[in-house]
Amino acid sequence: MKIGIPAEIFQDEKRVAATPKTVERLIKQGFEVFVEHNAGNKSGFTNEEYVTAGAHIVDTPNEILQHSAIILKVKEPTLDEVAQIQPGTVLICYLRPAHNTELLESLKNQGISSFAVDIIPRITRAQKMDVLSSMANISGYRAVIESAFHFGRFLNGQITAAGKVDPAKVLVIGAGVAGLAAIGAANSLGAIVRAFDTRKEVGEQINSMGAQFLTIDINEDGATATGYSKEMSEEFIKAEMQLFLEQAKEVDIVITTAQIPGKKAPLLWLDYHVAAMKPGSVIVDLAAESGGNCQLTQSGEVFTTENGVTILGKINQLPKQASQLYGTNLCNLLDDLGKAAEFRIDMSDPIVSQAMVTHQGKINWPPIPLAVATNADTKKKETQANKQETQAHKEERLASKKLKSTLVSLLVLSLLLLVIGQTAPVAFIQHFTVFVLAIFVGWQVIHNVSHALHTPLMAVTNAISGIIVIGGLLQTKNEIDNILTVLSFTAVLVATINIVGGFVVSHRMLKMFQK
């Protein structure tokens, strides 16, 4: 089964859909790989590297488009390219189906099964093929590096012989994959980092990355089941704009990352926010291609406003690194679809059904939304409930058994005390009563004391042991063969050992708290 890798025809696109490393992996999966001549040049991969990896180099894109069973690309094809692709071919690339209705119609008419990698559902099984996350991670990191270059000052604070340098203040809007990557990079470079997101659940993630989570005092959450933010109320947006205006006067660098699949990027940083920023400040708009989060952003351009604010509508993609990650995502996707001998398109698979936008002469856009709760989830909840119920029954049986055991023990003890009371002398009963009460009171006092108070408790037991020593000495007589003398001597010896040991242990524990 042949896989074709054509060169990207858009001038600004420097990535390639397969690298020499991913070509090796595709060949191990049983595919035969054909790469267009110089397809990897912009990413830093030579034809020789592809040949060494086992790929075949072809001279023209026509050979790729017309003779490949599977075509791997980065950007969506042009209508001219679609016309050259044979019916039944599987095309895997970015397609932006919400914006390219004419392209979808052309793919359908040509009988091409097109897989849009930019709408792969964000479910657990699809994480390894999520190209948006892979590319967002790079763009978030790169946004900080390029903003630092245009900022022209240290990001970290320094105190030198020449004077003090204050740390830069960075505001990240949107704490998705790109936002978190930007937070991590900016924080590691020593900047003061703040972040805003409409989803309350990401607050802990922001704080754990070392940034301050900015919030609005309105009880509204932007979280959704898809992982993306929803559109907020007018009241929330008004408060959000006011918060941004306050931050615009303070921060040095703003990085915006908010995007909504299939829609124009929301406008978050308006012209009056830019006007409020200090000269020399930098804005990096990672949503520039989908309309931009900043009102003044020019997609693909870097320019400086009249008040000295630099706005970046493009960043370096790090094409070599990005191509490797993108190619790995595609390999993971092909693993899921099946190796060369087992390759098939199963529209019942949730990943395929959501991302396969054209198949067998039909357009599958927009796809049927995935169910939030599945039968598996229901069964799992039922299993957990059964386990909890079983555990509750088990605890109830143990408590009942313990109660019965305690009642039996009390009954036996009561019978024993009754027998002793009927047969023993009166003096013995009096002393025995005091003895039992002493044991009961002593047990309750020691058992209920916190471990933190065991040191002062030892001082109390030392005092009690001292009383035992005095009592033992008073009971000692001159007759060596007297049982009372032997018992008194034993009591004095044991009490003395307890006193000495108590003082030694107390002394050692008190030394632990001395400087």
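Values in this document were obtained by computation on a predicted structure and should not be read as measured data.
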Sorted by chain and residue number, the side chain to side chain contact (heavy atoms under 4.5 Å, CB included) partners of Gln110 (sequence neighbours excluded) come out as Val82, Ile112

State which residue, out of Val254, Asn293, Ile311, fulfils the side chain to side chain contact (heavy atoms under 4.5 Å, CB included) condition with Trp269. Val254

Main chain of Ala18, side chain of Tyr50: is a donor-acceptor contact present, judged purely on distance under 3.5 Å? yes

If you count the non-hydrogen atoms of other residues, nucleotides and ligands that lie under 6.0 Å from CD in Gln158, is the total more than 12? yes

Heavy atoms of Glu8 and Lys42 approach each other most closely as O-NZ, 4.3 Å

Exactly one of Ser113, Ser114, Ser106 clears side-chain hydrogen bond (donor to acceptor under 3.5 Å, both in side chains) with Thr358, and that residue is Ser114

So which atom in Gly280 and which in Phe151 form the shortest heavy-atom distance, rounded to 0.1 Å? O-CD1, 3.5 Å

Do the non-hydrogen side-chain atoms of Arg194 and Val172 ever get within less than 4.5 Å of each other? no

Checking side-chain contact (heavy atoms from CB on, under 4.5 Å) for the pair Trp365/Thr101: CA distance, chi angles, key distance, verdict? CA-CA 9 Å; Trp365 176 263; Thr101 53; over 6 Å; no

So that I can tick it off, tell me whether Lys73 and Glu36 are bridged by a salt bridge, with the cut-off set at under 4.0 angstrom between side-chain N and carboxylate O. no

Lys28 side chain reached by Lys339 side chain, heavy atoms, under 4.5 Å: no

Does His150 reach the main-chain N or O of Ser147 with its side chain, forming a donor-acceptor pair under 3.5 Å? no

May I ask you to say whether Asp336 pairs ionically with Arg125, meaning some side-chain N is under 4.0 Å from a carboxylate O? yes

Do Asn329 and Asp130 meet the criterion of a side-chain donor-acceptor pair at a distance under 3.5 Å? no

Is it true that Glu289 and Ser299 share a donor-acceptor pair across their side chains at a distance under 3.5 Å? no

Decide yes or no on side chain to side chain donor-acceptor pair (under 3.5 Å) for His359 and Asn364, but give the supporting numbers first. CA-CA 7 Å; His359 182 56; Asn364 184 41; over 6 Å; no

Residues Ile120 and Ile351: closest non-hydrogen pair is CG2-CG2, 4.4 Å

Under a 4.0 Å threshold between the charged nitrogen and the carboxylate oxygen, would Glu105 count as salt-bridged to Lys108? yes

Checking salt bridge (Lys or Arg N to Asp or Glu O under 4.0 Å) for the pair Lys200/Glu220: CA distance, chi angles, key distance, verdict? CA-CA 9 Å; Lys200 305 296 184 183; Glu220 187 174 351; over 6 Å; no

Go through the steps for Leu330 and Ile92 under the test side-chain contact (heavy atoms from CB on, under 4.5 Å), then give the verdict. CA-CA 8 Å; Leu330 296 188; Ile92 303 176; 3.9 Å; yes

Please say which of Glu240, Glu246, Gln247 ends up in a side chain to side chain contact (heavy atoms under 4.5 Å, CB included) with Leu214. Gln247

Asn156: partners by side chain to side chain donor-acceptor pair (under 3.5 Å), with sequence neighbours left out: none

For the pair Glu32 (side chain) and Ala55 (backbone), establish whether a donor and an acceptor sit closer than 3.5 Å, ignoring hydrogens and angles. no

Look up atom CG in Leu318 and atom CD1 in Ile145, then write down how far apart they are to the nearest 0.5 Å. 9.0 Å

Between Asn62 and Thr60, is any side-chain donor less than 3.5 angstrom from a side-chain acceptor? no

For a quick test of reading the model, state the closest non-hydrogen atom pair linking Phe34 to Ile64 and the distance between them. O-CD1, 3.4 Å

Do Asn307 side-chain atoms and Val274 backbone N/O form a donor-acceptor pair below 3.5 Å? yes

What do the steps show when you test Glu146 against Leu312 for side-chain contact (heavy atoms from CB on, under 4.5 Å), and what is the final call? CA-CA 9 Å; Glu146 294 200 25; Leu312 280 69; 3.9 Å; yes

Going by an N to O cut-off under 4.0 Å, is there a salt bridge joining Glu301 and Lys314? no

Nearest heavy-atom approach of Ala340 to Met1 is O-SD, 3.9 Å

Just checking, is any N or O donor in the side chain of Thr78 or Asp80 under 3.5 Å from an acceptor N or O on the other one? no

Minimal non-hydrogen separation, Ala175 against Asp197, with atom names: N-OD2, 2.7 Å

Can you tell me if Lys264 has over 12 outside heavy atoms packed within less than 6.0 Å of its NZ? yes

So, Asp252 and Lys278, do they make that salt bridge, N to O below 4.0 Å? yes

May I have the step-by-step check of side chain to side chain donor-acceptor pair (under 3.5 Å) for Asn332 and Arg25, ending in yes or no? CA-CA 10 Å; Asn332 292 333; Arg25 182 170 168 182; 2.6 Å; yes

Does Thr46 reach the main-chain N or O of Glu49 with its side chain, forming a donor-acceptor pair under 3.5 Å? yes

Just checking, any donor-acceptor pair under 3.5 angstrom between side chains of Ser323 and Thr19? no

Could you tell me how the ring of Phe196 sits relative to the ring of Phe236: parallel (under 30°), tilted (30 to 60°) or perpendicular (over 60°)? tilted

Would you say Leu132 and Asp118 make side-chain contact, with heavy atoms under 4.5 Å? yes

Yes or no on side-chain contact (heavy atoms from CB on, under 4.5 Å) for Leu334 and Phe343, after CA distance, side-chain angles and deciding distance? CA-CA 8 Å; Leu334 290 171; Phe343 183 86; 3.9 Å; yes

May I ask you to decide whether Arg344 forms a salt bridge with Glu342, counting only side-chain N to carboxylate O separations under 4.0 Å? no

Are any non-hydrogen side-chain atoms of Ile237 and Glu234 less than 4.5 angstrom apart? no

Can you tell me if Phe149 has over 12 outside heavy atoms packed within less than 6.0 Å of its CZ? no

